[in-house]
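Throughout, protein chains are lettered first and strands after them, A, B, ... in sequence-line order, and every chain is numbered starting at 1.
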Number of protein chains: 2
Amino acid sequence: MVERLPDDQKLTEILKAVSEPRRRELLTLLVQHGPIRVTDLARHFDISLNAVSKHIKILEAAGLVCRRTEWREHLIEPDMGPVGEIDRWFRELRSIWDKRLDGLEDVLSKETDDE
Amino acid sequence: MVERLPDDQKLTEILKAVSEPRRRELLTLLVQHGPIRVTDLARHFDISLNAVSKHIKILEAAGLVCRRTEWREHLIEPDMGPVGEIDRWFRELRSIWDKRLDGLEDVLSKETDDE
DNA sequence: ATTTCAGTCAACCATTTAGTTGAATGAATT
DNA sequence: AATTCATTCAACTAAATGGTTGACTGAAAT
């Protein structure tokens, strides 16, 4: 069986968050615009304010966004940090891949025929 | 309104594909193991062969995996290529962010308040 | 000729997801 | 006192998702 890494859950949360096109748009607007209120954010999209609010909660849970609340107004701003987790995963995967290919060269020198 | 990039759809496909923990496990096993048959792949997981088959199709559609079919036997092997798309997206996002921060310094000197 | 086998396809089910509308909250403004 | 306002919460709907079981295919092995 395949071992499940401990940070798997967090990585899943991050990846699921950014796999939604609208959430990526949201994120893009956030990095372009900087801190912005939920309502103003919603104005740029053709979905309801509520939908935007929910998307933000998901981004927030993933740590991709943080919120500074000042009574009614919630200032939302992006946090690129968690995207590094994705990068780390990718890097690890590639390292495993490379390691295997290195090992393969040894096998090739022995001429062990296997495809 | 927010502009939608043309490669958005492909990126979504890739991200959705890897956002599924089991698919990441599948991918991990693939890079560790190299080309492997669907059935052998499935043996490592506690879900049905059919479920694995479906996951592979999704990975394949995203270009993360390719398949060499030889009659009944389908040899599956990973392709890290598309993960670069994720990286590119991330990099672009960060570049926008950095650009904005640079601009912000100018704004701070002018003190033009605008939301 | 029958069975075995690797894999997909099809139909179905339960859960999650993205969206909606319609409250409720409670300070600030009128 | 009544209204406005920014946001979330709750309930609902439709669609997508991940899983299952049960065919089906057609060469190879018995």
Side-chain angles (χ1 to χ4, degrees), chain A residues 1-2 4 8-30 33 35-62 64-77 115, chain B residues 1-2 4 8-30 33 35-62 64-77 115:
Chain A
M1 290 294 135
V2 175
R4 189 181 288 265
D8 207 39
Q9 219 162 322
K10 201 196 220 168
L11 182 57
T12 298
E13 208 175 14
I14 297 166
L15 283 167
K16 281 223 185 302
V18 298
S19 75
E20 229 290 326
R22 273 169 206 79
R23 281 196 288 267
R24 282 204 308 282
E25 289 176 1
L26 235 2
L27 222 40
T28 303
L29 197 77
L30 277 167
H33 197 286
I36 180 172
R37 296 184 318 152
V38 178
T39 309
D40 293 331
L41 201 44
R43 216 189 308 284
H44 294 81
F45 296 87
D46 54 355
I47 55 177
S48 74
L49 169 67
N50 272 9
V52 172
S53 171
K54 283 213 250 176
H55 278 310
I56 290 171
K57 266 195 300 181
I58 289 166
L59 289 171
E60 197 183 9
L64 286 157
V65 137
C66 68
R67 173 192 310 248
R68 211 160 351 106
T69 304
E70 205 130 352
W71 174 221
R72 289 196 295 192
E73 312 213 340
H74 297 207
L75 265 283
I76 308 297
E77 61 185 327
E115 70 100 48
Chain B
M1 290 294 136
V2 174
R4 190 181 289 263
D8 206 40
Q9 219 162 322
K10 200 196 221 170
L11 182 56
T12 297
E13 211 175 11
I14 298 166
L15 283 168
K16 280 222 185 304
V18 299
S19 74
E20 230 287 326
R22 274 171 206 78
R23 281 196 288 266
R24 284 204 307 282
E25 289 175 2
L26 236 3
L27 220 41
T28 303
L29 197 78
L30 277 167
H33 196 284
I36 179 172
R37 298 184 317 153
V38 178
T39 309
D40 293 332
L41 201 44
R43 217 190 307 284
H44 294 82
F45 296 88
D46 55 354
I47 55 177
S48 74
L49 169 67
N50 272 10
V52 171
S53 171
K54 283 213 255 176
H55 279 309
I56 290 172
K57 266 196 300 180
I58 289 167
L59 290 170
E60 197 182 11
L64 287 157
V65 137
C66 69
R67 172 191 315 245
R68 213 161 350 108
T69 303
E70 205 128 354
W71 174 222
R72 288 198 296 191
E73 313 215 339
H74 298 208
L75 264 283
I76 308 297
E77 63 185 326
E115 71 92 45

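One can place CD of A/Glu70 at 15 Å from C1' of D/dT7, the figure rounded to the nearest angstrom. Look at NZ on B/Lys16: it is 9 Å from C1' on C/dT17, rounded to the nearest Å. In this structure, the CG atom of A/Leu26 is 13 Å from the C1' atom of C/dA18, given to the nearest Å. Atoms CZ (A/Arg68) and P (D/dA6) sit 18 Å apart, rounded to a whole Å. Atom P of nucleotide D/dA23 and atom CG of B/Leu49 are separated by 16 Å, given to the nearest angstrom. In this structure, B/Ile47 atom CD1 and D/dT20 atom C1' are separated by 11 Å, rounded to whole Å. B/Leu15 has its CG atom 17 Å from the C1' atom of D/dT17, to the nearest Å. Between the C1' atom of C/dG19 and the CD atom of A/Glu20 lies a distance of 10 Å, rounded to the nearest Å.
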_Heavy-atom protein contacts under 4.0 Å, nucleotides 23-30 of chain C, coded B base, S sugar-phosphate only, - none_ = ---BS---

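With values rounded to the nearest 0.5 angstrom, A/Ile36 atom CD1 is found 8.0 Å from A/Arg43 atom CZ. In this structure, A/His55 NE2 and A/Glu25 CD are separated by 9.5 Å, a value rounded to the nearest 0.5 Å. Expressed to the nearest 0.5 Å, how far CG of B/Leu26 lies from CD1 of B/Ile47 amounts to 7.0 Å.
Less than 4.0 Å separates DNA chain C from at least one heavy atom of each of the following residues of residues 51-62 of chain B: B/Ser53, B/Lys57.
In this structure B/Asn50 satisfies the side-chain contact (heavy atoms from CB on, under 4.5 Å) test together with B/Ser48, sequence neighbours excluded. For A/Ile56, the side-chain contact (heavy atoms from CB on, under 4.5 Å) partners at least two apart in sequence or on another chain are A/Val38, A/Leu41, A/Val52, A/Val65, A/Arg67, A/Ile76. For the side-chain contact (heavy atoms from CB on, under 4.5 Å) test, residues two or more places apart in sequence or in another chain that qualify with A/Ala61 are A/Glu13.
Distance alone, capped at 3.5 Å, places no donor-acceptor pair between the B/Arg37 side chain and the B/Glu73 backbone. Distance alone, capped at 3.5 Å, is enough to place a donor-acceptor pair between the A/Arg24 side chain and the B/Asp8 backbone.
Nearest approach of B/Ile14 to B/Ala62, heavy atoms of both residues: CG1-O, 3.8 Å.
Between A/Ser48 and C/dG19, a side-chain N or O to OP1/OP2 separation shorter than 4.0 Å is absent.
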